[in-house]
Amino acid sequence: MEVRARAPGKIILAGEHAVVHGSTAVAASVDLYTYVSLRFPTPSDDDDTLKLELKDVALEFSWPVGKIKEALPESDRCVASSPTSCLPETIKSIATLVEEYNIPEAKIGLAAGVTAFLWLYTSIHGYKPAKVVVTSELPLGSGLGSSAAFCVSLSAALLALSDLVNLDFSQQSWLPFGESELELVNKWAFEGEKIVHGNPSGIDNTVSTYGNMIKFRSGNMTRIKANMPLKMLITNTKVGRNTKALVAGVSDRKVRHPNAMTAVFTAVESISNELATIIQSPASDDLAIIEKEEKLGELMEMNQGLLQCMGVSHTSIETVLRTTLKYKLATKLTGAGGGGCVLTLLPALLSGAVVDKVIAELESCGFECLIAGIGGNGTEICLGASF
Ligand SMILES: Nc1ncnc2c1ncn2[C@@H]1O[C@H](COP(=O)(O)OP(=O)(O)OP(=O)(O)O)[C@@H](O)[C@H]1O
Ligand SMILES: C[C@@](O)(CCO)CC(=O)[O-]
Ligand SMILES: [Mg+2]
């Protein structure tokens, strides 16, 4: 039996980091996906291993299921229907299975992803042999929610072939889940994100699960609908960073300066709410759109200033800011910052020639630019997919 699941990456239009501390953030899915294929061997395959192939980083893992059972006995597991956090002792036990593979130092962030895989897999399917293959269109560790897309697509594939989900096996196209199934996918993905991020707000897995555009605050999502064209240039600075470390850095700064940081988070709350209101409000003509774009750009610049206060900007991000400012374009980092990806608002009436010039100038700095579709579907599955 085989299934393929996909889950989109995301951009955060406003509110990253502050959302971890209870402020509102606004995020949208992007049409770049992570794909997970899951296949259970037939008895004639005579295969007693759990295999994981991470194609993007050219790594393959294979554990005999007996070995997984030894490291992670039944008493440490939980049940598929009620997502539970992986305890620190269990993370250590799983780490023994991951460490065997001597992941190269440059790819060490991947160990957390593999640990999340083993936790999600064993929680949902126990010690059943299987082959899981992961590929992604997203740059990993760059602010576009690759960890969430990984956890969501994995949870979706695992749940699709569990007893908890009833699917129509006659269809061979991408299909959405029902609401209650999406809720379960999202909860499991959040548990995976906790292993990768330490202390995630849940916004990334939620927007990857449900797609479209959302407002998110303290674990609660509100769907929002854009009432204006929204085009963003995404610049990948290609400076590697790690979300867990950046999130921890902001929390440390909050401990050192509680009043100042609380004021920063409160300001972000106002920015996110105002941004959501502008995006949703009707615009009758070009003039109204231009007015809304000017306000959005200003809010993005203000948010970027506050992210700098939080200590998560980077010289590469500042270079993108300076470059786009020459063209009077507003820019902010997206995701955890510290490098990674940066958003630039492209007004609807901006000429293609100017966009080409900005992209050429950014790419001459060694950055990579892309324009992705914003606000598409969330996670979907395709049954009977072939490897
Ligand atoms: N396709 C993939 N294959 C293997 N591991 C992946 C994949 N996608 C994500 N991961 C895991 O997620 C980690 C990157 O997560 P991280 O949260 O640091 O960045 P991000 O999610 O891309 O950015 P942000 O959280 O700022 O949106 C990787 O180191 C790896 O553990
Ligand atoms: C930095 C952060 O706010 C967004 C990362 O995409 C972390 C989180 O909300 O979990
Ligand atoms: Mg992440």
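Quick caveat: nothing in here was measured; it's all calculated off a predicted structure. For ligands, and for the atoms within them, numbers begin at 1 and follow the listed sequence.
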Basic-acidic side-chain contact under 4.0 Å: [X], [Y]:
X	Y	answer
E368	K238	yes
E361	K357	no
K67	E100	yes
E269	R217	yes
K332	E16	yes

Could you tell me the residue and atom name of the protein heavy atom closest to [atom], and the distance to it rounded to 0.1 Å?
atom	result
atom 31 (O) of ligand 1	G109 O, 2.9 Å
atom 26 (O) of ligand 1	R241 NH2, 2.5 Å
atom 30 (C) of ligand 1	L110 CD2, 3.7 Å
atom 23 (O) of ligand 1	G143 N, 3.1 Å
atom 15 (O) of ligand 1	S147 CB, 3.3 Å
atom 27 (O) of ligand 1	K10 NZ, 2.6 Å
atom 19 (O) of ligand 1	G141 CA, 3.2 Å
atom 16 (P) of ligand 1	T243 OG1, 3.4 Å

Does any N or O atom in [X] lie less than 3.5 angstrom from one in ligand 1, N or O only?
X	result
G145	yes
T34	no
D56	yes
L140	no

Any sub-3.5 Å donor-acceptor pair from [X]'s side-chain atoms to [Y]'s backbone N or O?
X	Y	result
H17	A336	yes
S23	V19	no
N242	K244	yes

For [X], atoms of ligand 1 separated by under 4.0 Å from a heavy atom:
X	value
G113	31 (O)
S142	22 (O)
H197	17 (O), 25 (O)
L54	3 (N), 4 (C)
A336	26 (O)
G335	26 (O)
S146	8 (N), 9 (C), 14 (C), 20 (P), 21 (O), 22 (O)
D204	25 (O), 27 (O)

Requested in this report: For residues 202-212, pull every pair meeting side-chain hydrogen bond (donor to acceptor under 3.5 Å, both in side chains), keeping only residues two or more places apart or in separate chains.
Outcome: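 Output for this query lists K10-D204, N186-N205, N186-T206, N186-T209.
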For [X], look at atom [atom1] and say whether over 12 heavy atoms of other residues, nucleotides or ligands are found less than 6.0 Å away.
X	atom1	result
K69	NZ	no
N166	CG	no
D163	CG	no
D46	CG	no

Query raised in the report: Between Q304 and S313, is any side-chain donor less than 3.5 angstrom from a side-chain acceptor?
Result: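 Present: a donor and an acceptor within the cut-off.
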Query raised in the report: Between the side chains of T34 and S136, is a donor N or O closer than 3.5 angstrom to an acceptor N or O?
Result: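 T34 vs S136: donor-acceptor pair found between side chains.
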Query raised in the report: Which is closest to atom 13 (C) of ligand 1 by heavy-atom distance: V196, I103, I203?
Result: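 Nearest heavy atom to atom 13 (C) of ligand 1 lies in V196.
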Test of understanding: given a 4.0 Å heavy-atom threshold, classify the contact between [X] and ligand 1 as side chain, backbone, both, or neither.
X	answer
S136	side chain
A111	neither
K244	neither

**Report entry** All salt bridge (Lys or Arg N to Asp or Glu O under 4.0 Å) counterparts of K55, not counting sequence neighbours
**Finding:**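 By the salt bridge (Lys or Arg N to Asp or Glu O under 4.0 Å) rule, K55 matches E53.
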Query raised in the report: Which protein N, O or S atoms lie under 2.8 Å from the Mg ion (ligand 3)?
Result: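 Protein N, O or S atoms closer than 2.8 Å to the Mg ion (ligand 3): S147 OG, H197 NE2.
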Query raised in the report: Below 4.5 Å, heavy atoms only, C-beta onward: do L246 and R241 meet side chain to side chain?
Result: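 In contact.
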N or O contacts of ligand 2 with protein under 3.5 Å, please list pair by pair.
| unit_1 | atom_1 | unit_2 | atom_2 | d |
| --- | --- | --- | --- | --- |
| ligand 2 | 3 (O) | H17 | N | 2.8 |
| ligand 2 | 6 (O) | K10 | NZ | 2.7 |
| ligand 2 | 6 (O) | D204 | OD1 | 3.2 |
| ligand 2 | 6 (O) | D204 | OD2 | 2.6 |
| ligand 2 | 9 (O) | S201 | OG | 2.6 |
| ligand 2 | 10 (O) | S201 | N | 2.9 |

Report task. Consider ligand 1: state whether an atom of it lies below 4.0 angstrom from any non-hydrogen atom of K55. Result ->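 Per 4.0 Å heavy-atom rule, K55 does not contact ligand 1.
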Query - Axial cation check for F40 ring with K128, 6.0 Å and 45° limits - result: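 Yes.
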Query raised in the report: Quick one: does NZ or CZ of R6 land under 6.0 Å from the six-membered ring centre of Y35, within 45 degrees of the ring axis?
Result: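 Cation-pi check for R6 and Y35: fails.
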Report task. May I ask you to decide if the ring planes of H21 and F265 are parallel, tilted or perpendicular, using 30° and 60° as cut-offs? Result ->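 Parallel, since the angle between the ring planes stays under 30°.
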Requested in this report: Check whether the ring centres of F61 and W63 lie less than 6.0 Å apart, and answer yes or no.
Outcome: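 Yes, they do, as the ring centres are separated by less than 6.0 Å.
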